[in-house]
Amino acid sequence: MARGKLRIHLGAAPGVGKTYAMLSEAHRRVGRGTDCVVGFVEHHGRPRTEVMLHGLEQVPRRELEYRGGVFPEMDLDAVLARRPQVALVDELAHTNVPGSRNPKRWQDVEELLAAGIDVVSTVNIQHLESLGDIVESITGVRQQETVPDEVVRRADQVELVDMTPEALRRRMAHGNIYQPDKVDAALSNYFRPGNLTALRELALLWVADRVDAHLTQYRSEHRVSAIWGSRERIVVGLTGGPEGRTLIRRGARLAEKGAGGEVLAVYIARSDGLTSASPKELALQRTLVEDLGGTFHHVVGDDIPAALLAFARGANATQIVLGSSRRKTWQYVFGPGVGATVARESGPDLDVHIVTHDEVAKGRGLPVARGARLGRSRRVWGWIAGVAGPPLLAVLLNTVDLGLANDMLLFLALTVAAALLGGLLPALASAAVGSLLLNYFYTPPLHRWTIADPKNIVAIVIFVAVGVAVASVVDLAARRTHQAARLRAESEILAFLAGNVLRGETGLEDLLERVRETFGMESAALLERAGEVEPWTCAGRVGRGRPVERPDQADVDIPVGDHMALALTGRVLPAEDRRVLAAFAAQAAVVLDRRRLQEEADRARTLAEGNRIRTALLAAVSHDLRTPLAGIKAAVTSLRSEDVEWSEEDRAELLEGIEEGADRLDHLVGNLLDMSRLQTGTVTPLIREIDLDEVVPMALGGVPEGSAGLDVPETLPMVAVDPGLLERAVANLVENAVKYSPSGAPVLVAASALADRVEVRVVDRGPGVPDEAKERIFEPFQRHGDAPRGAGVGLGLAVARGFAEAMGGTLNAEDTPGGGLTMVLTLRAAGTRPELHPAAEPERQAS
């Protein structure tokens, strides 16, 4: 089954006449005998639009209930069952009422199209997904109902329904769009002239871009190479020189003279990579082009004029802007130049502008062939063979007579050897010296700098030409070998770099340090700023070089986007090093973004943990605080009752209940406050040296007498702790142990010394804790096993561990031999170095 065709009426704002135009199209089709029905059209109480519905078949709507209301929606199944040729579906971006088959109306339209039904629909420009942020910045209203751009771009026809802002506001004032009570508010807010003008421009530009895309597609399909000047497209040819900025501004001025003008700046680089423009200058020119509303393009081509013309014709450009040549007069012997060649071959449909600038005839710095990358020892032996070799060979040949042909072959072999060893220059020296010696010693007339036989002249010329040719091949091979080795090294560096960054193994400082080491620089820094006028700030820096506050203070700076740059100090790098450095700079920006995202994730995780604790705290308050309060209130109410005569025993029992409830509340509130202080990091211990037997016995005062035993030898060394925190930690441990110990099995609190530590063990004979739960019991609001709600809020062990770590100690759980659980509190002996938290100031005692 063939897919249906989609036609969309696109408008800049509500009220421009999209629905009216759609209904008019429907009447035209019905008049031609087309089976056309109204799937869903909303006239919004507009009389002229409502009248247009007369005479069109309407598929009954489906009514859905949602939150106590009844809402009409398009009955998709009924339209599919009706199977018309054309269906009218208004408001493509509409969100369907929950309970519909599809969440969005454009998805209903997709089903109709898939069923072979043509659809005519409407949409406003502000409902396109990609323009949401732009529309919000213009109108101040965020559109909640959007449609993907691709749905509209796939439409077979998009018809722009246009109306000037003044005409639209007149329609609004006459009550043709909204009810009279809403007109004033609409005209003062969304329908302001500036808003409507901006939305209209968005709609016109969007449709123009779509028309341009269709034109490009048509030219490609029909292989149209001729330029169609539908609108001005200015191609600016850049060489990477400083004159590029002048050319870009000139091109922008030319584009402004024509409606819808466009600037395309293009830099053409050779494929061999032997010549390269300044990356810094190209980055500045790229920024300038984008600031002026144009685009920057990087094209590879060995024939620069041909590549430039091919790019211009492919972009359907109408004009090319080039700068006057920077070459000096004598350099024109190499050819007419890019400008003259482009102007000659551009043809009648492409205008070429040659723009003067300050760099004219100052020299273009034509690339000079690089010396062979053969190593110092090879070059030395090459010069020896090229300079000293011919005289030595002449001495040997003077002792024997081999004939001129053999003599020339031997000298040629020596020239080839010099070329193989040292490259081009030693070979030229060997050819020059050898030709002179051949002329003087072996070419008649002998011992004179003349040649009698013209054939000998040809032989010597061939001799020199062969030597130069062989040397050139060797030199070229050496350079290609050097390039291959360099590219291999670059690829290895980039592969290693990308792998580390993708795996998240490299931090920003590590990456900058690798940049500094790789390129032998003194320092490396990543600078950023929030805007064009904002000051630069350093996101990361390594090395001992001079501090760099701005990119222009560095020896090398590589821009990363508009507001970030990698700055290095130490030396100026060649262009080939800058290519790899640009990759490092981009990766540095990625690492910085990842670090910030990780920090945001950590903050979000902390907030989530805080929310979890607050939720648990509310749950604890709802029960564990209410229970003792209810007991206290009941006891107090009973004591104050005048209807009951209480005995002394009953009165004592009620008072004891009040006291137990108050103690329980005091302990619970104390743990909640302690946990809050630990979570916010405000626990600052006051460390001092003290004996355990001064603190630990005080921690047993909160448990019933006889429920805990104490074994703290007097010979133990002193410990460096906060006495208040230690007492609270041990008290919580003992209370927890007593809670789970069976009757008749008292808890044992014992202390012992081990190297530079002192261990306090709280041993119980209770049910114990499995290994997988030994860490979980130290988390806040955790109760192990089937402990009842009244057994506490689960903060005692968490508070005890927090206090222990704040004092530089540890708290862990172990199995008690024979059954039970042992809490091991490890403390620092006096005189040892703290590992976690230093001692706080005396005035900030936390206990």
| said: Test salt bridge (Lys or Arg N to Asp or Glu O under 4.0 Å) on Asp35 and Arg82; report intermediate values, then the result. | reply: CA-CA 10 Å; Asp35 182 15; Arg82 171 66 175 75; 2.8 Å; yes
| query | Under the salt bridge (Lys or Arg N to Asp or Glu O under 4.0 Å) criterion, do Arg153 and Glu150 qualify, and how do the steps go? | reply | CA-CA 5 Å; Arg153 291 186 183 279; Glu150 187 60 27; 5.3 Å; no
| said: Test side-chain contact (heavy atoms from CB on, under 4.5 Å) on His127 and Val135; report intermediate values, then the result. | reply: CA-CA 9 Å; His127 293 298; Val135 172; over 6 Å; no
| task | Could you walk me through whether Val147 and Leu128 pass the side-chain contact (heavy atoms from CB on, under 4.5 Å) test, one step at a time? | result | CA-CA 5 Å; Val147 59; Leu128 294 185; 4.0 Å; yes
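Remark: Arg596 does not engage Glu600 in a salt bridge, criterion side-chain N to carboxylate O under 4.0 Å. Ion pair Lys104/Glu110 not flagged as a salt bridge, since none of the NZ, NE, NH1 or NH2 atoms sits closer than 4.0 Å to an Asp/Glu carboxylate oxygen. In summary, Arg142 and Asp133 engage in a salt bridge, as defined by a charged side-chain N under 4.0 Å from a carboxylate O. Remark: Glu73 does not engage Arg62 in a salt bridge, criterion side-chain N to carboxylate O under 4.0 Å. Ion pairing between a basic and an acidic side chain is recognised when a charged N comes within 4.0 Å of a carboxylate O; Arg3 and Asp156 show no such pairing. Between Glu145 and Arg105 there is no salt bridge, since none of the side-chain N atoms of the basic residue sits less than 4.0 Å from a carboxylate O of the acidic one.
Cation-pi check for Arg169 over Phe191 is not met; the charged atom does not lie both under 6.0 angstrom from the ring centroid and within 45 degrees of its normal.
Pro165 and Leu196 make their closest contact through CB-CB, 3.8 Å (heavy atoms, listed as atom of the first residue, atom of the second, distance). The minimum heavy-atom distance between Pro14 and Asn124, with the atom names listed, is N-ND2, 3.6 Å. Residues Leu56 and Ala26 share a closest heavy-atom pair of CD1-CB, 4.0 Å. Taking each heavy atom of Ala565 and Trp536 in turn, the nearest pair found is N-CZ3, 4.1 Å. For the residue pair Val235 and Ala317, the shortest heavy atom distance occurs at CG2-CB, 3.5 Å.
Put simply, the side chain of Thr318 gets close to the backbone of Arg233: a donor and an acceptor are under 3.5 Å apart. Looking at His9, its side chain never comes within 3.5 Å of a backbone N or O of Val161 through a donor-acceptor pair. Listed for the Arg83 side chain is a donor-acceptor partner under 3.5 Å among the backbone atoms of Ala115. Here the side chain of Arg171 pairs a donor or acceptor atom with the backbone of Gly15 at under 3.5 angstrom.
With a 6.0 Å radius and a threshold of 12 heavy atoms from other residues, nucleotides or ligands, Lys5 has its NZ atom at or below the threshold.
Note: His297 and Phe311 have tilted aromatic rings, judged against thresholds of 30 and 60 degrees for the angle between ring planes.
When side chains are defined from C-beta on, Thr34 does not count as touching Asp118, because their heavy atoms never get closer than 4.5 Å. Counting heavy atoms from C-beta outward, Leu10 and Val123 have side chains that approach closer than 4.5 Å.
A donor-acceptor pair shorter than 3.5 Å can be found between the side chains of Thr122 and Asp90.
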